[in-house]
Amino acid sequence: MDLIQTILMGIVQGLSEFLPISSSAHLVFTSNFYKVFKGIEIVQESNQEVFLDIMLHLGTLIAVLIFFRKEIMAIIKALYFGLKNKDYSSKDFKTGVYIMLGTVVTVLIAFPLNEVAEFLVFKPAIVGGLLMFTGCLLLFSEWLGKRIKDKKDITLKSSILIAIAQGLAALPGFSRSGLTIATGLLNGHDRKTAAEYSFLLSIPIILGASMVYPLIKLDFAEVVTYNWTAIIVGTIVSGIVGYLCIKYFLKFVAKFSLGIFGYYCLIMGIVTAVFFSIYA
């Protein structure tokens with residue numbers, strides 16, 4: 001793993017974490033395309049690559065924390081004062097409860113899929129197929145969402161369904177933001193509401209994956225031998241690109257259809273499935 005690879009993956013992570021195109025799929029594609037062109041065996045597993053993936057997600061987590069800092073503080077205050085005063089009626093209080101409940105649901109769905117997800121990291125052709133499904137879902141949700149009356153606020157029912165979608169997105173190729181936003185649209189929410197809630201819901205999961213996973217699975221004696229310059233640069237790049245992506249994506253979804261991302265996922269899924277079926 002070198003500096004060029006981590007910068008490329010940092011850019012890819014920053015863009016694809018918040019765009020509905022599957023960050024995990026694009027990290028798989030980028031890493032494996034790089035290996036193909038460098039003549040490296042795709043099945044070669046590297047703990048350093050797993051650690052880099054965690055750090056890149058940490059970079060985008062910092063981006064979403066900074067961007068939504070006001071909303072996050074409002075939710076924390078609403079939870080505190082709501083419990084203290086036994087007043088559970090505010091929108092921010094409900095959002096906080098939905099995020100906590102959604103996190104539990106996500107873990108229950110995602111945890112059993114962990115081994116499958118790790119297997120798919122080295123099966124980019126299959127990941128391409130799952131990305132095609134994401135594209136079809138985005139296109140369908142845009143079509144059907146226009147026919148459903150808009151709901152401005154997230155409800156308990158929609159929060160649970162969105163959390164289930166986020167759990168399924170543990171599989172690379174199933175875009176986390178794509179599945180969650182599409183589920184929001186299918187439940188009658190407008191694109192901006194669905195996107196904002198999707199980003200807020202991602203915070204506990206990314207935080208948990210960034211903190212808990214290393215403590216359980218990584219060998220810290222090995223970690224100190226990694227290329228830390230490349231890892232840190234990649235993490236910084238993913239954070240900067242991620243912040244800019246959130247800013248401009250929210251402006252985009254407020255005005256335009258997600259159909260372009262649906263078509264992109266279909267085309268990218270087909271191309272990568274065919275490429276890796278031939279060369280992998």
Side-chain angles (χ1 to χ4, degrees), residues 16-25 57 60-61 64-65 67-68 71-72 74-75 78-79 90-113 117 130-131 133-209 245-246 249-250 252-254 257-259 261-262 265:
S16 57
E17 177 64 34
F18 303 111
L19 296 180
I21 57 175
S22 179
S23 64
S24 55
H57 279 81
T60 48
L61 170 64
V64 77
L65 287 174
F67 190 89
F68 288 107
E71 289 84 353
I72 293 169
I75 290 171
L79 287 170
S90 75
K91 175 185 174 181
D92 288 330
F93 181 89
K94 292 178 181 178
T95 299
V97 171
Y98 294 159
I99 289 173
M100 290 188 289
L101 177 61
T103 300
V104 174
V105 173
T106 296
V107 171
L108 292 175
I109 299 295
F111 187 75
L113 299 175
L130 297 182
L131 188 61
F133 175 85
T134 295
C136 291
L137 181 62
L138 283 170
L139 292 171
F140 177 72
S141 66
E142 275 287 347
W143 174 79
L144 187 62
K146 293 176 182 178
R147 290 156 175 78
I148 303 175
K149 186 178 180 180
D150 283 348
K151 302 173 186 174
K152 292 299 181 183
D153 296 332
I154 299 294
T155 64
L156 176 60
K157 175 187 172 183
S158 60
S159 69
I160 292 174
L161 292 173
I162 291 170
I164 292 172
Q166 179 169 261
L168 293 174
L171 300 178
F174 283 168
S175 165
R176 190 205 62 78
S177 60
L179 264 62
T180 53
I181 293 173
T183 302
L185 292 177
L186 293 174
N187 278 276
H189 301 294
D190 62 83
R191 287 189 296 271
K192 190 170 185 295
T193 298
E196 288 180 347
Y197 183 74
S198 169
F199 296 158
L200 290 171
L201 184 63
S202 73
I203 293 173
I205 292 298
I206 300 176
L207 181 62
C245 184
I246 297 171
F249 178 65
L250 287 176
F252 178 90
V253 297
S257 166
L258 296 175
F261 298 107
C265 288

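Below, each value reflects all heavy atoms present in this structure, side chains not excepted, and no hydrogens, waters or symmetry copies.
- Distance CD1/I162 to CG/L179: 11.0 Å, rounded to 0.5 Å.
- For residues 160-172, there are no salt bridge (charged side-chain N to carboxylate O under 4.0 Å, His left out) pairs, not counting sequence neighbours.
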If you apply the rule side chain to side chain contact (heavy atoms under 4.5 Å, CB included), what do you find for T155 with N187, and how did you get there? CA-CA 9 Å; T155 64; N187 278 276; 5.9 Å; no
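- Remark: S16 pairs with no residue by the side-chain hydrogen bond (donor to acceptor under 3.5 Å, both in side chains) rule, at least two apart or across chains.
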Would you check, one step at a time, whether the test side chain to side chain contact (heavy atoms under 4.5 Å, CB included) holds for S175 with I21? CA-CA 6 Å; S175 165; I21 57 175; 5.7 Å; no
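- Between atom OG1 of residue T183 and atom CG of residue L161 there is a gap of 7.0 Å, rounded to the nearest 0.5 Å.
- Looking at residues two or more places apart in sequence or on another chain, you find no salt bridge (Lys or Arg N to Asp or Glu O under 4.0 Å) involving K94.
- Residue Q166 holds its CD atom at 11.5 Å from OG of S159, rounded to the nearest 0.5 Å.
- With sequence neighbours left out, F93 forms a ring pair (Phe, Tyr, Trp, His ring centres under 6.0 Å) with Y88.
- Taking Y98 as the reference, nothing meets the ring pair (Phe, Tyr, Trp, His ring centres under 6.0 Å) condition, with sequence neighbours excluded.
- Residues passing the ring pair (Phe, Tyr, Trp, His ring centres under 6.0 Å) test with F199 are F18, sequence neighbours excluded.
- Annotation: salt bridge (charged side-chain N to carboxylate O under 4.0 Å, His left out) contacts involving residues 100-109, sequence neighbours excluded, are absent.
- For S198, the side-chain contact (heavy atoms from CB on, under 4.5 Å) partners at least two apart in sequence or on another chain are R176, S177, T180, I181.
- In this structure T60 satisfies the side-chain hydrogen bond (donor to acceptor under 3.5 Å, both in side chains) test together with Q13, sequence neighbours excluded.
- Applying the side-chain contact (heavy atoms from CB on, under 4.5 Å) criterion to I206, with sequence neighbours excluded, gives E17, H57, L61, S202, S210.
- Taken to the nearest 0.5 Å, the CD1 atom of I154 stands 6.5 Å off from the OH atom of Y197.
- The CG atom of L108 sits 10.0 Å away from atom CD1 of I164, with the distance rounded to the nearest 0.5 Å.
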The test is side chain to side chain contact (heavy atoms under 4.5 Å, CB included); show your working for D92 and L79 and say whether it passes. CA-CA 8 Å; D92 288 330; L79 287 170; over 6 Å; no
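- Under the side-chain contact (heavy atoms from CB on, under 4.5 Å) criterion, L144 pairs with F140, I148, L186, not counting sequence neighbours.
- Applying the side-chain contact (heavy atoms from CB on, under 4.5 Å) test to D190 and every residue at least two apart in sequence or in another chain returns D150, K152, K192, T193.
- Judged by distance alone, with hydrogens and angles left aside, the side-chain atoms of T134 form a donor-acceptor pair with the main-chain N or O of G173 at under 3.5 Å.
- Between F174 and F133, the ring planes lie tilted relative to each other; the angle falls in the 30° to 60° range.
- For the atom pair CG (L101) and CG (L201), the distance works out to 10.0 Å, reported to the nearest 0.5 Å.
- E142 contributes no side-chain N or O that, together with a main-chain N or O of G259, makes up a donor-acceptor pair within less than 3.5 Å.
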Just do the side chain to side chain contact (heavy atoms under 4.5 Å, CB included) check on L185 and L258 with the steps written out, would you? CA-CA 11 Å; L185 292 177; L258 296 175; 4.0 Å; yes
